[in-house]
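Quick note: numbers below take in every heavy atom, side chains included, and nothing from hydrogens, waters or symmetry partners. Protein chains get the first letters and strands the later ones, always in sequence-line order, with residue 1 at the start of each. The structure presented is a predicted model; accordingly, all values stated were derived computationally and were not measured.
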There are 2 protein chains.
Amino acid sequence: MRRRYITIKDIAKALDISVATVSRALRDAYDVNPHTRQRVLDMATELNYKPNFNATGLVKRSTHNIGVLLPAITNYYFSTVITGIQQVANENGFNLILYLTNDSEETEIRIVEELSLSSLDGLLACVSAHENNYAHFSQIIDDGLPVVFFDRVAAHIDASKVMQDDYNGAFMAVEHLIHSGYRKIAHITGPKELSLTQNRLNGYIHALEKHGMRYDPDMVVHSGFSQADGVGDIEILFSSIGSEPDAIFAVNDRKGIGAILALKQRNILVGPQVGVIGFTNDPICEIVSPTLSTVAEPAYQVGREGCSLLLKHIAKANFAARSVTLSAELIARQSTQRS
Amino acid sequence: MRRRYITIKDIAKALDISVATVSRALRDAYDVNPHTRQRVLDMATELNYKPNFNATGLVKRSTHNIGVLLPAITNYYFSTVITGIQQVANENGFNLILYLTNDSEETEIRIVEELSLSSLDGLLACVSAHENNYAHFSQIIDDGLPVVFFDRVAAHIDASKVMQDDYNGAFMAVEHLIHSGYRKIAHITGPKELSLTQNRLNGYIHALEKHGMRYDPDMVVHSGFSQADGVGDIEILFSSIGSEPDAIFAVNDRKGIGAILALKQRNILVGPQVGVIGFTNDPICEIVSPTLSTVAEPAYQVGREGCSLLLKHIAKANFAARSVTLSAELIARQSTQRS
DNA sequence: ACAACTTCCGTTAACGTTCTCGCTACTTTT
DNA sequence: AAAAGTAGCGAGAACGTTAACGGAAGTTGT
């Protein structure tokens with residue numbers, strides 16, 4: 001049998017005072033005699049009292065829960081972001097409720113539509129990949145739930161957003177390849193619809209143009225975000241006759257790793273023959289051989305920033321939505337060394 | 001201003017019936033006219049009604065939340081376990097609340113002690129590493145909260161536990177090293193107190209004994225679970241004069257990776273000169289060079305099994321605690337090939 | 001035709017907490 | 001010594017939902 005937990009009524013009865021006084025003693029210290037307050041506090045620890053969040057949530061119209069919705073957690077970037085979110089949430093007495101979409105649009109829509117708004121104070125969301133309708137998000141925002149997007153953001157929705165500097169990160173990556181002496185630079189990337197993809201693609205294009213190199217659409221391959229997708233993209237680039245690239249800019253490290261593996265498979269020397277650079281700075285970059293050059297994303301910081309932004313929205317209903325872009329940093333390793 | 005959400009009162013008012021009828025129509029279909037029920041259902045979707053979990057939780061004495069407490073999520077094993085947990089929880093209409101301890105005993109104790117029992121139906125826990133007092137867990141279990149431990153379990157507590165077969169996994173790993181021709185096998189492992197560590201150590205010892213090899217305590221190094229710890233352990237083993245091992249059994253893949261990196265640093269050929277085997281089957285095993293042999297843990301399955309066990313405890317208060325051990329599987333790769 | 005069921009719905013209390021209001025007793029002011 | 005203020009406390013309603021019970025109609029059996 002599930003046990004009945006200790007309530008403030010029990011404390012009140014034990015001390016022969018009213019529940020109102022107990023409630024105040026436990027929170028305010030206002031309108032309550034220090035001596036009484038101390039007796040309540042002592043009794044509370046003696047009885048091992050724990051507040052009932054359902055009850056407080058009901059009357060205060062706020063649980064201390066924030067939701068985190070994202071495609072998956074089994075990769076470095078997302079799990080690090082969550083760690084950052086968790087930190088800030090924890091510091092402020094908030095709990096994290098985790099929702100995983102497996103990168104499925106249906107699952108995402110189902111989760112968002114079934115969301116019990118009243119059991120959440122706010123939501124942090126990273127949209128699933130294959131998406132260009134955001135009606136389900138608009139709905140819950142209209143219903144009054146504060147939402148902050150991160151990484152993969154919903155472009156046309158008026159809500160706060162936190163991302164890394166995808167454009168400049170991509171720009172730096174490509175410029176680094178050019179400075180290293182590579183001349184035919186391909187880009188293997190994610191789904192077209194995502195703003196993240198578009199921003200990195202733009203950085204790629206503009207870096208080429210700045211250095212007087214022609215942008216060739218055939219040198220850009222769109223697919224998913226996985227290592228296997230990286231392998232597949234290389235197959236596509238290197239099986240078409242003639243125009244093989246001498247460098248690969250991958251939209252993330254997992255695809256970069258896939259590219260390295262696929263190139264090694266083809267007996268191509270990564271670095272001297274074909275350069276590869278990724279994006280994220282997954283620890284795996286230092287383990288793969290050759291080590292993978294990359295653009296470091298401030299994943300932990302994205303999490304912290306996103307969460308504290310959300311908390312501001314929760315605290316002040318009319319807090320104006322803002323977009324935060326955190327800067328990225330180039331890290332050169334062996335995979336972009338020609339000699 | 002935070003908006004007021006739609007309640008069953010609104011539905012009742014709109015249809016001019018009582019809230020009790022609305023409540024029944026939304027759940028039971030019992031004691032309510034099919035026609036009325038349909039009207040309620042239609043009105044509910046029209047008004048976009050979402051149930052208030054705080055209210056139901058209050059009266060039913062159950063939220064649909066289960067907590068997951070673990071050291072970190074930024075590694076393959078834990079994030080995969082969580083994915084498994086999330087799956088089962090989701091299928092059964094439960095939410096996941098995440099608690100991260102950062103492998104700090106203090107943080108763990110703080111979290112558990114502050115836990116509002118009434119806002120959780122159950123808890124899945126993986127204890128932090130440096131621990132041998134479990135009073136905080138005993139407390140919440142005594143208070144009536146169902147708890148299931150996984151991976152790193154609290155040995156002397158009467159609660160359900162889910163783990164992989166650490167003993168036999170270790171036994172297989174060491175036997176594989178012996179069959180491959182290695183003769184001086186060291187073991188780099190985690191904190192002594194954990195049953196996981198002890199079980200794998202026992203598997204190591206017994207495999208040696210079975211093949212008539214002496215167990216030498218100097219060949220076992222205890223430290224943490226990180227890649228850096230793996231590097232450090234190798235330093236210790238190879239800086240002592242004389243008795244260098246010709247194979248390393250690492251308690252997990254991250255330490256195995258650390259070992260490989262440290263050996264390469266010393267210009268030792270991993271495989272031919274010194275064999276290395278890990279535990280987990282992190283995808284990184286296939287990326288590092290040479291690829292890392294390992295014992296595959298059923299991480300996803302541990303998550304699923306743990307969660308469904310917890311759900312049984314939640315459903316039936318007197319459900320007897322049980323220990324589930326999932327089998328592990330040897331995967332041989334390049335790091336244990338002598339030629 | 002009357003008792004005995006059903007069917008369907010509403011009233012009311014309860015879950016644990018907070019909040020508003022008002023009351024008593026004491027202290028200060030004039 | 002009366003008026004005014006203050007400190008400390010309690011009664012009662014409210015949050016949104018479910019559960020126990022009861023009652024008014026309609027239906028069935030004899």
Report the distance from atom CD of A:Gln38 to atom P of D:dG8, rounded to the nearest whole Å.
15 Å

Once you round it to whole Å, what is the distance between C1' of D:dT17 and CD1 of B:Ile11?
12 Å

Begin from the C-alpha positions of B:Tyr5 and B:Tyr49 and carry the test ring pair (Phe, Tyr, Trp, His ring centres under 6.0 Å) through to its verdict.
CA-CA 8 Å; B:Tyr5 296 118; B:Tyr49 166 77; over 10 Å; no

Contact between B:Pro146 and B:Phe319 at the side-chain level, heavy atoms closer than 4.5 Å - yes or no?
no

Have a look at B:Phe53 and say if it touches a base, only the backbone sugar-phosphate, or nothing, with a 4.0 Å heavy-atom cut-off.
nothing

Let me know the distance between CG of B:Asp31 and P of D:dG22, rounded to the nearest Å.
14 Å

Look at A:Thr36 and D:dC9 and indicate whether a side-chain polar atom (N or O) is within less than 4.0 Å of OP1 or OP2.
yes

Any heavy-atom pair between the side chains of A:His64 and A:Asn95 that's under 4.5 Å?
no

Of D:dT17, D:dG16, D:dC9, the nucleotide closest to the side chain of A:Val32 is D:dC9

Flag the pair A:Asn92 / A:Val88 as yes when at least one side-chain heavy-atom distance between them is below 4.5 Å, and no otherwise.
yes

DNA chain C: first to last nucleotide in contact with chain B (atom under 4.0 angstrom from a heavy atom), 5' to 3', is C:dC8 to C:dG16

Tell whether A:Arg37 reaches the base of D:dG8 with its side chain through a donor-acceptor pair below 3.5 angstrom.
no

To the nearest Å, give me how far apart NZ (B:Lys9) and C1' (D:dT17) are.
9 Å

Are any of the side-chain heavy atoms of B:Phe94 and B:Asp121 separated by less than 4.5 Å?
yes

NZ/NE/NH1/NH2 to OD/OE distance under 4.0 Å, A:Asp42 and A:Arg37:
no

Taking any heavy-atom pair under 4.0 Å as a contact, classify B:Asn52: base, sugar-phosphate, or nothing.
sugar-phosphate

At 4.0 Å (heavy atoms only), tell me whether B:Asn33 reaches a base, stays on the sugar-phosphate, or touches nothing.
sugar-phosphate

May I have the distance from A:Arg24 (atom CZ) to D:dG10 (atom C1'), rounded to whole angstrom?
8 Å

Considering every strand and a 4.0 Å limit on heavy-atom distances, what is the contact class for A:Thr56: base, sugar-phosphate, or nothing?
sugar-phosphate

So what does A:Arg27 touch, heavy atoms closer than 4.0 Å: a base, only the sugar-phosphate, or nothing?
sugar-phosphate

NZ/NE/NH1/NH2 to OD/OE distance under 4.0 Å, B:Lys161 and B:Glu305
no

When we call it a touch if two heavy atoms are under 4.0 Å apart, what does A:Tyr30 touch: a base, just sugar-phosphate, or nothing?
nothing

Taking the nucleotide of DNA chain C with the closest heavy atom to each, which residue, B:Lys60 or B:Ala20, is nearer the 5' end?
B:Ala20

